[in-house]
Amino acid sequence: ENKMKTIDCKAEFKIFYHGSSSSANIENMLCPPEETGVLSETGRKKNLNRVFFTEDIGLAKIYAGRAARSYGGEPRLYRVISPVDVVQMNDTKGATVYHAEWAFCEEI
C-alpha cells in the first residue's frame, strides 16, 4: 500500500500574535503602515510596507500596551492567521519577531 506524504504542507503550524490598540481600528486584517497611516513606533522609517508579529503572547501584550500609550485607545491582542510572505527577523526565545506583507487576524 502506497501512502503519499504531502510535501508542501507544513507539519508545524505556528500561531502568531500581534499587539495593538483599539484606536488602530483593526478588524480582521493587518495592513502595513504605508497603507493605514498607523505606526506606534515613532521614527520608524524601515519596513513601512510590512506588518509585524511574534510567536510570544507576552511580547504581543507588551506591544499592545505600547501601542495604546503612543496611539491612544485600549490594548488589543490579535491572533495572526495566514500571513503572506513571512520573514523571521529575530528568533530569540520569548522575543521572536516576524514580518509579512499582510495577514488576516482575529481579536483574542
Side-chain angles (χ1 to χ4, degrees):
E1 186 183 328
N2 186 2
K3 284 201 167 107
M4 280 179 61
K5 204 170 181 190
T6 310
I7 53 169
D8 41 358
C9 285
K10 285 185 181 170
E12 174 191 25
F13 180 74
K14 281 189 176 155
I15 297 175
F16 300 110
Y17 301 98
H18 177 84
S20 190
S21 117
S22 55
S23 297
N25 294 316
I26 296 169
E27 297 205 351
N28 52 13
M29 210 171 156
L30 295 179
C31 296
E34 68 175 18
E35 277 177 42
T36 61
V38 176
L39 183 63
S40 62
E41 312 101 308
T42 48
R44 173 149 75 88
K45 303 277 188 275
K46 287 168 65 179
N47 296 313
L48 296 179
N49 58 337
R50 310 288 288 174
V51 298
F52 284 77
F53 42 90
T54 176
E55 282 174 85
D56 305 291
I57 197 163
L59 187 61
K61 287 177 178 171
I62 291 168
Y63 276 106
R66 280 186 199 163
R69 278 194 300 279
S70 77
Y71 213 75
E74 296 296 312
R76 292 282 187 271
L77 206 54
Y78 300 87
R79 185 180 296 114
V80 175
I81 303 160
S82 59
V84 174
D85 178 31
V86 177
V87 176
Q88 184 167 20
M89 272 181 74
N90 182 0
D91 60 1
T92 308
K93 201 157 172 53
T96 57
V97 178
Y98 296 81
H99 59 81
E101 216 171 291
W102 58 273
F104 288 114
C105 65
E106 63 185 9
E107 194 175 325
I108 50 177

Is the Tyr78 ring parallel, tilted or perpendicular to the His18 ring (thresholds 30°, 60°)? tilted

Less than 4.5 Å apart, any side-chain heavy atom of Arg50 and any of Val87? yes

When rounded to the nearest 0.5 angstrom, what distance separates NE2 in His99 from CG in Asn49? 9.0 Å

Atom NZ in Lys14, atom CD in Glu55: separation rounded to 0.5 Å? 4.5 Å

If you compare all heavy atoms of Thr96 against all heavy atoms of Thr54, which two are closest, and at what distance to 0.1 Å? O-OG1, 2.7 Å

Could you check if a side-chain atom of Asn47 sits within less than 4.5 angstrom of a side-chain atom of Phe52, using non-hydrogen atoms only? yes

Working to the nearest 0.5 angstrom, can you tell me the gap between Ile15 CD1 and Phe53 CZ? 13.0 Å

Minimal heavy-atom distance between Met29 and Cys105, with the atoms involved, is N-SG, 3.7 Å

Decide yes or no for Pro83 and Tyr98: does some side-chain heavy atom of the first lie under 4.5 Å from some side-chain heavy atom of the second? no

Taking the side chain as every heavy atom from C-beta outward, state whether Val51 and Pro32 have any atom pair closer than 4.5 Å. yes

Smallest heavy-atom separation, Ala95 atom then Asn90 atom, equals O-ND2, 3.2 Å

Gap between atom CD of Glu106 and atom CG of Asn28 - 0.5 Å precision: 9.5 Å

Can you tell me how far apart CD (Glu107) and CZ (Arg79) are? Round to the nearest 0.5 Å. 11.0 Å

Going by salt bridge (Lys or Arg N to Asp or Glu O under 4.0 Å), name the residues that satisfy it together with Glu35, two or more places apart in sequence or in a different chain. none

CG on Asp56 to NZ on Lys93, rounded to 0.5 Å: 7.5 Å

For Tyr17, check ring-ring contact (aromatic ring centres under 6.0 Å, His included) against everything at least two apart and list the hits. none

Do you know which two heavy atoms are closest between Gly72 and Ser21, and how far apart they sit? O-OG, 2.7 Å

Taking all non-hydrogen atoms of both residues into account, name the closest pair between Ser22 and Gly73 and its distance. OG-CA, 3.4 Å

